[in-house]
Structures are given as structure tokens and as C-alpha cells.
Amino acid sequence: MAELPDKRTAPVDWYLAVVEAADLSDKRYGVKGMNVWTRYGFRARRNLDRVLVREIEATGSEAVEFPALIPATEFAKEKEYIKGFDAQVYWVTKGGLSELDVPLVLRPTSETAIYPIFALWVRSHQDLPLNVYQIVNTFRYETKTTRPFLRVREIHFFEEHTCQADEARATERVRSNLAAFARMAASLGLPYLAIRRPEWDKFAGAYYSIAFDTPIGGARTLQLGSVHHYRDNFSVPYGITYERADGSRTYVHQTTFGLSERLIGAIVAVHGDERGAAFPTEIAPYEVVVVPVPTAPTRAALEATAAELAARLDRAGIRAFVDRGDERPGAKYFRWELKGVPLRLELGPREVAAGRVTSVDRFGRKGSVSLAGLETEIAERLREFDDELGRRARERFAASFAVATDLAQLAGSDRVRLVGWCGSEACGHAIEKAIDGALLGTPEGPTPAVDGPPSRCIACGTTEGARWAVAAQPV
RNA sequence: GGGACUGUGGGGUAGCUUGGUCCAUCCUUCGGGGUUCGGGACUCCGAGACGCCAGUUCAAAUCUGGCCAGUCCCA
């Protein structure tokens, strides 16, 4: 297997090489931005979905599924939304041989598919809150370069859509989503900042947008997902109203929460290193791989023992795989490290004689596990691995930010920059130009690497109302 | 929307300027045999490509045109 490009000096080449070498995605399908999920990559995706479902359902959301095609007439009802999306939708204009009277849009996101039906579902205050999510594929005609998982045209999309009685309750739902994402990200070992987007960069049609961003080296960041408060911006054009207890009628306030397979790309980009990918155990296609280290006479017995170990782990809910391939053990070690498996078990004659098995985690930390206590000891090792994975990620996260006090410091920056900002759009664009990227917005929680508020706006120097904002190069 | 560039086995490439020495190079991958097996084994045999369509020419991976696909830059 060839050497990987250097992650520091050639991050994009490194990322593409890891995705390919780890066999997470096959990009040879003949449509730009539409890639094939391999067996290995799909396992990761299924595990990711399981975490998302678990956490969102814990907040009282239920699964639904709406159709992929949307009549043009419904699609066009909210004018900001249309402006934001009409340049990147796929159209279905023919049915068989005939032109359709009403062309159909292949959903770029599902507001316009769902809200006409919400208008039918919501009638009384007793129908609220309405919290539903779906995990479906959405389609966007991306014109920029596409990258597996990070920028695709067929998106594996998680989207929650809710209706609340009023603005305050919608705000509460946003808070609840932020907390749910915090739990999801913890499962993935991904540190991030929740950042309120500036006016000019909020979701089309939103009252405000809060996005989750994580640094991935240099000044570059990756958006992991977003939560939006729509107020009644959609419920008015779509007529989603309810009757209060006193008989009066009013519009609902809505929120959405969106995530995608980008999270898998983020796991690769954030946790990966010179050896390849590194999966947190919740998402790992296999949590444990057993590698027999045979000599000719012990081969059959060792493979049988390895299969038993894997079966025991599977029964204990730990996804395990026995690598019986014809390669030498060392070649297998390299491959499974590249593929990001958290824990490897080496089983040779020495281990069998001692009633133990050697464990080596993705970071190369060795241990010895007794066969008798296999399940509990492995579970413990996996916990230790996740702790270490998270610790390393947080360490890099903390080192990713630096304050800039002058626009000149933004050019060619090797960190994500925290800047004082007065809140004006003109200054925002000046900052974006200086860093050749974007002003992501203002952090929702505490801002890392700073103490107290900024003294002034980095662009205009105003001291009045200056607050911390994040400037970066989003990928 | 404007411009530049690129397209060679499954992946990565050499060859293209100056047409012939190319039934296309090397690495990797894949299939089979043998010797091996505690950190990327070795060896033997085998498989696999010039984006598509036209044109020029005695002769095209190489030149020309169109198309398709992709990449990058600018708006």
C-alpha cells in the first residue's frame, strides 16, 4: 500500500487518499458528487444514524418520511428560500414521454415538501409541539468541486422539522437541539463551536441560524450541521395555523435541525492522522479486529479460537471481525490502522498458552487481556480509546484558535481567528476579505482562547458593542 | 456566466512538444502456484488501459475539430 500524503502540508490529498484507501466510499460512479457507499463505509453510516436517532428521539421527536419530489408550485411559496435554493435544484420536467404541466423539484431540503402537510396536521394547540425528523437523501446541484462526504450532490440528510406554539417555545426547541447535538458530538469525539451565523449567511428563510463548526487544520473549518429558528416565516406562506384554547387562531413558529454524512467526513478529517482514519467506537464499522498470528502448525486452531473470541464479543454487543486473510500479520496491522479500527487483538501461540490476548489500540497502546474476562476488559479498553481520541481532539481544538487584533493578521493565517466585531455587514465583509474566507458569526457559548469581551471592532475600530466573532476558511 | 487546463489497465503514472523505435512504461492492485507468517514477505506464472465520434496521414496515445467528463481560477 502506498504512503499517504502528508496531512499537514496536503490536507485535501490526504483526506481523499484516506477515504479511498480505507474503502469508505467509491467515487467512480459516473455522476459528479454522487458516490457509492461501500460495505465498510455504509457500516459507519448506519452506526452514525443510530446515534442521531437515539439522541433526537430522546428529545421527543418521531420519525416520518416525506416524498422526494415537490411540485414547483409548493416549492416557490417562500421567497427567501427560493432565492437561496433555485440555483441548485434538480428538476423533473418529464413523466415518461410527456412534459409535466407542473414540473417537480427533487428536494434540496424538505421544508416545501413537509409544510403543506403540516398545515393539515396542525389544527389545535393540542397538536403542538409537533416534532418530527426524517433521514432521507436530498439533492443539490453543486457547482463547486465535490468531495466524498464533505460536499456531495446526493446528500444523506438528517432533518428535524418542528412546529411550536410561539417564538419562545421555538427558542426552547433550538436549545434542546443544541443540547442534543452536544450529545451526538460527544459520541463522535468531535469538539466544535456553536456559532450564530451573521444575517447574510443564515439559512434561506430563517429568522436566525446557529451552525456547528469544527477546525480541521490551519484556518480551515468544517460545518457539521445547523439549527434554525424560522419564526413564522414559513408558516405564513404555508398556512400552518392552530386554534388556541380561547378560540383565537395564530401561526406556529418553526425550527429545523440538519445534519449529514459530513459528520463521517469530519471524523476522518478531525481524528485521522499519518496512519489513516480513526473511528470513535460508536461509529466504527468494526470496533475490534482479531488478527491471528499463526505458525503453520497452529493456524487452524488459532483461527478457531479467534472466531470464538469474535463471537463472544458480538454477543456482548461489540462489533468484531476476524481477519483470516493470507497476508502476514504486519500487513494486516497497517490496513486496519488505515481503516481506523479502534482496537486490534493479536492472537498467537504465546497468547493462547497464557490464556490471554494482546490488545493494541489505534494509537499503538498495547495491553494484555485475559480470555476469561474478555468482554468486560475489551469494553474497558474501548472506553479508554474513546477517552484518548476525545482528549487528542480537544487538545488540537484548543490549539486551533488565536485572537487577531488587526486585519493584516488575518491574511494567510494558520489558525481560526477570533476577532472583535461591531456587528455591521460592511465590517463583516471586510473581515471575510482579509482572511479570504468567511465570518462564521458569534459563538453561542463561551469563546475559546479569550478572556472578557473584545475592546473594539477589528475592521472599523468602534468600541461600542464589539463582540467576539469567528473568522475562518470554511471548506 | 467568463477563462485556463486535464482525460492512458481497478488506483497512480511514463510516453504526447518533434506521428513510426508502443501488439504502450513503471509502481500498485487483482487471479493462480510455491516458500513463508510476532509490524508493510519473497518468488514464479497470469489478467488488465490510450474518454467518445469524426478528420488528416502510408502510419495517430501523439496532430485537427466536435462532443462528453473532470479540475482549477475569475465573476
For A:R344, report the nucleic acid contact type (base, sugar-phosphate, nothing); a contact means any heavy atom under 4.0 Å. base
Quick check: do A:L345 and A:T358 have side-chain heavy atoms less than 4.5 Å from each other? no
If you measure from the P atom in B:U64 to the same atom in B:G19, how many Å do you get, rounded? 11 Å
Do A:Q409 and A:R415 have a side chain donor and acceptor closer than 3.5 Å? no
Please report the distance, rounded to the nearest Å, between CG in A:L347 and C1' in B:C37. 14 Å
For nucleotides B:G31 and B:C68, find the distance between their P atoms and express it as a whole number of Å. 38 Å
What is the base-pairing partner of B:G70, counting Watson-Crick and G-U wobble geometry with both distances under 3.5 Å? B:C5
Expressed in angstrom and rounded to an integer, what is the separation of A:Y333 atom OH from B:A41 atom P? 11 Å
Under 3.5 Å for both donor-acceptor distances, Watson-Crick or wobble: does B:A14 have a partner, and if so which one? none
Is a salt bridge present between A:E375 and A:R315, judged by a nitrogen-to-oxygen distance below 4.0 Å? no
Which nucleotide in the set B:G38, B:C37, B:G40 lies at the smallest distance from any side-chain heavy atom of A:F334? B:G40
Please report the distance, rounded to the nearest Å, between CD in A:E327 and C1' in B:G38. 16 Å
Begin from the C-alpha positions of A:K94 and A:L100 and carry the test side chain to side chain contact (heavy atoms under 4.5 Å, CB included) through to its verdict. CA-CA 5 Å; A:K94 288 176 77 172; A:L100 296 174; 5.6 Å; no
Using the P atom as the point on both nucleotides, what is the distance between B:C73 and B:C26, in whole Å? 35 Å
I'd like to know if A:E142 and A:R153 make a salt bridge, using a cut-off of under 4.0 Å between side-chain N and carboxylate O. no
Using the P atom as the point on both nucleotides, what is the distance between B:G65 and B:U17, in whole Å? 15 Å
A:D326 has an atom CG; how far is it from atom P of B:G34, in whole Å? 11 Å
When you compare the side chains of A:E111 and A:Y230, does any donor N or O come within less than 3.5 Å of an acceptor on the partner? yes
Is any side-chain N of the basic residue among A:K332 and A:E327 closer than 4.0 Å to the acidic one's carboxylate O? no
Any-strand Watson-Crick or G-U partner of B:G55, both distances under 3.5 Å: B:C63
Between B:C27 and B:G46, how far apart are the two P atoms, rounded to whole Å? 16 Å
Between the protein and nucleotides 67-71 of chain B, which nitrogen or oxygen pairs come in under 3.5 angstrom?
unit_1, atom_1, unit_2, atom_2, d
B:G70, OP1, A:K32, N, 3.2
B:U71, OP2, A:K32, NZ, 2.7

For B:G48 and B:U6, measure between their P atoms and round to the nearest Å. 30 Å
Counter-base of B:G19, judged by Watson-Crick or G-U geometry with both distances under 3.5 Å: none
For a quick check under 3.5 Å, do A:S187 and A:E282 share a side-chain donor-acceptor pair by atom type? yes
For B:C16 and B:U36, measure between their P atoms and round to the nearest Å. 46 Å
Value in whole Å for how far the C1' atom of B:C74 lies from CG of A:D436: 13 Å
Is a side-chain donor-acceptor pair under 3.5 Å present for A:S370 with A:R356? no
A:L4 CG to B:U28 C1', straight-line distance once rounded to whole Å: 14 Å
With respect to the phosphate group of B:U36, does any side-chain polar atom (N or O) of A:R328 fall under 4.0 Å of OP1 or OP2? no
Can you tell me the base-pairing partner of B:G48? Count Watson-Crick or G-U wobble geometry only, both distances below 3.5 Å, and say none if there is no partner. none
Starting at atom CD of A:E346, determine the distance to atom C1' of B:G40, rounded to an integer number of angstrom. 14 Å
Report the nucleotide, chosen from B:G39, B:C37, B:A41, that has the shortest atom-to-atom distance to any side-chain atom of A:A331. B:A41
Distances under 3.5 Å between protein N/O atoms and the N/O atoms of nucleotides 10-13 of chain B, please, pair by pair.
unit_1, atom_1, unit_2, atom_2, d
B:G10, O3', A:R28, NH1, 3.2
B:G10, O2', A:R28, NH1, 2.1
B:G11, O2', A:E20, OE2, 3.3

Check ion pair A:R391-A:E395 (N to O, under 4.0 angstrom): yes
If we take the C1' atom in both B:A14 and B:C58, what is their distance in whole Å? 28 Å
With the side chain counted from C-beta on, respond yes when A:F363 and A:R392 share a heavy-atom pair under 4.5 Å apart, and no when they do not. yes
For A:E274 and B:G40, give me the distance from atom CD to atom P, rounded to whole Å. 17 Å
